[in-house]
Every structure is written in C-alpha cells, then in structure tokens.
Amino acid sequence: MSDCIFCKIVDGDIPSDKVYEDDRILCFRDLDPQAPVHVLMIPKKHISSCDDISDDDAELAGYMLSMVKKIAADLDLEKGYRVVVNNGEYGQQTVPHLHLHILGGRKMTWPPG
Ligand code: DGP
C-alpha cells in the first residue's frame, strides 16, 4: 500500500530502529514508547487490521505469534511482557497496518484502560 507508513518502513522509505527482520515480518521500536521496551511486530505483507486477516493469512498470523517469544528473549524480557493488538476505532488503532505491540521492562497494570 503506497500510502501506508508501515509499508514505507518495510520498504526502507521511512527509517526505523529495527530489532528483527526476516522474509515475512519486521520488528522495530515504537516511536512513542509506553514502556521501557516497546516494539512493534508487523507482517511485511500489508494487512490492515485484525479484522482483515484472511484464511490465507492464518499461517502468517500464527508465525507472528510464534515469533513473539524470540523477540521477547532477544530484548531480555524474561520477567514477562504484554502483547497488544489494537483494532479499529474503539480499539484505538491509529496505523491501519496490522501490528503487535510488545511491551515490557516494567510491571504492567490491569485493566489497560
Ligand atoms: P496503534 O495505536 O495500535 O495503531 O499503534 C500505532 C503505533 O505506531 C503507535 O504506538 C506509534 C507507532 N508509530 C506510528 N508511526 C510510527 C513511525 O513512523 N515509526 C515508528 N517507529 N512507530 C510509529
């Protein structure tokens, strides 16, 4: 998607502080961190939101979840972390390209608000 900022990050047109990359996903530090460690994991394929994960994307979505533990370990989040996916207006999704927030480095609170 030509007007998607996360697609531009995938393409290298917008710089990012990358922590992991392979042929299917990219992880980079959030511009506006909400915890001492806050990274975003995105699929390189443009998928707008959780609502837009098709049956064909199921393997990719599963792969993303399966990679969370590796990213968490790489970032020394052995005490725990939180994975968040905001979806749509009420979910406070601001960037319409599917992303997992991985937050850690402090004890989280609940409910999230
Ligand atoms: P969400 O509200 O779930 O759509 O979160 C979008 C996140 O993306 C938000 O925490 C800020 C982050 N973000 C937005 N634009 C950029 C950017 O250009 N670079 C980086 N690294 N993060 C961005």
Side-chain angles (χ1 to χ4, degrees):
M1 284 258 299
S2 58
D3 59 345
C4 169
I5 54 172
F6 285 179
C7 286
K8 287 181 180 169
I9 286 176
V10 170
D11 291 341
D13 296 335
I14 295 178
S16 67
D17 187 356
K18 291 179 192 177
V19 299
Y20 178 79
E21 180 172 18
D22 64 26
D23 58 331
R24 287 182 277 180
I25 63 171
L26 177 64
C27 294
F28 53 95
R29 293 188 192 275
D30 195 290
L31 203 61
D32 182 23
Q34 302 301 312
V37 176
H38 185 175
V39 302
L40 304 173
M41 178 193 289
I42 65 171
K44 288 190 169 179
K45 173 185 177 184
H46 183 86
I47 300 170
S48 295
S49 74
C50 239
D51 281 344
D52 298 290
I53 298 173
S54 70
D55 290 349
D56 286 347
D57 298 322
E59 202 264 331
L60 174 59
Y63 178 68
M64 290 175 70
L65 278 180
S66 77
M67 287 299 286
V68 167
K69 62 181 183 299
K70 178 201 162 23
I71 304 304
D74 288 352
L75 296 172
D76 300 320
L77 300 179
E78 65 283 338
K79 283 185 146 179
Y81 53 88
R82 181 169 288 168
V83 180
V84 173
V85 183
N86 295 326
N87 188 84
E89 181 189 353
Y90 273 23
Q92 294 275 22
Q93 182 181 6
T94 59
V95 177
H97 182 128
L98 179 66
H99 49 284
L100 309 186
H101 295 259
I102 302 170
L103 301 127
R106 65 168 168 80
K107 193 161 189 176
M108 299 295 151
T109 59
W110 193 265

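All figures in this text were calculated on a predicted structure; none of them were measured in a lab.
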Met67 and Asp22: side-chain contact (heavy atoms from CB on, under 4.5 Å), yes or no, with the steps?
CA-CA 11 Å; Met67 287 299 286; Asp22 64 26; 4.3 Å; yes

List the atom of Ala35, the atom of Met108, and the distance in Å for their closest heavy-atom pair.
CB-CE, 4.1 Å

Gap between atom CD of Gln34 and atom CZ of Arg106 - 0.5 Å precision:
8.0 Å

Same apolar cluster: Ile47 and Ile25, side chain cutoff 4.5 Å:
yes

Between Ser2 and Lys8, the two heavy atoms sitting closest are O-CE, 3.1 Å

Closest non-hydrogen contact found for Pro96 with Gln93 is CA-NE2, 3.6 Å

Atom CD1 in Ile9, atom CD1 in Ile42: separation rounded to 0.5 Å?
6.5 Å

For the atom pair CZ (Arg24) and NZ (Lys45), what is the distance rounded to the nearest 0.5 Å?
12.5 Å

Within 6.0 Å of CD in Gln92, more than 12 heavy atoms from elsewhere
no

Just verifying a value: how many Å separate Leu98 CG and Cys50 SG, rounded to the nearest 0.5 Å?
6.0 Å

d(Leu75 CG, Ile102 CD1) to nearest 0.5 Å is 7.5 Å

So Leu40 and Phe6, do their side chains get closer than 4.5 Å, heavy atoms only?
yes

Please determine whether residues Val95 and Leu60 belong to a single hydrophobic cluster, defined as Ile, Leu, Val, Met, Phe, Trp and Tyr linked transitively by side-chain heavy-atom distances below 4.5 Å.
no

Does any non-hydrogen side-chain atom of Arg82 lie less than 4.5 Å from one of Val84?
yes

If you round to the nearest 0.5 Å, how far is OH of Tyr81 from CG of Asp76?
13.0 Å

Met64 reachable from Val68 in the ILVMFWY side-chain graph, under 4.5 Å edges:
yes

Stepwise side-chain contact (heavy atoms from CB on, under 4.5 Å) check, Tyr20 with Leu26
CA-CA 6 Å; Tyr20 178 79; Leu26 177 64; over 6 Å; no

Could you tell me whether the side chains of Asp57 and Tyr63 share a donor-acceptor contact shorter than 3.5 Å?
no

Quick check on Asp55: does its CG atom have over 12 non-hydrogen neighbours (other residues, nucleotides or ligands) under 6.0 Å away?
no

Do the side chains of Asp17 and Arg29 get close enough for a salt bridge, i.e. N-O under 4.0 angstrom?
yes

Looking only at non-hydrogen atoms, find the nearest pair between Pro36 and Gly105 and report the distance.
CG-O, 3.5 Å

Flag yes if Leu103 and Val37 sit in one hydrophobic cluster, no otherwise; membership is Ile, Leu, Val, Met, Phe, Trp, Tyr, and two members link when side-chain heavy atoms are under 4.5 Å apart.
no

Between His97 (side chain only) and Pro43 (backbone N and O only), is there a donor and an acceptor less than 3.5 Å apart?
yes

According to ring-ring contact (aromatic ring centres under 6.0 Å, His included), who are the partners of His101, at least two apart in sequence or on a separate chain?
His38, His99

Quick one: does Cys27's side chain get under 4.5 Å of Lys18's, heavy atoms only?
no

Treating Ile, Leu, Val, Met, Phe, Trp and Tyr as nodes and any side-chain heavy-atom pair under 4.5 angstrom as an edge, say whether Val19 and Ile5 lie in one connected cluster.
no

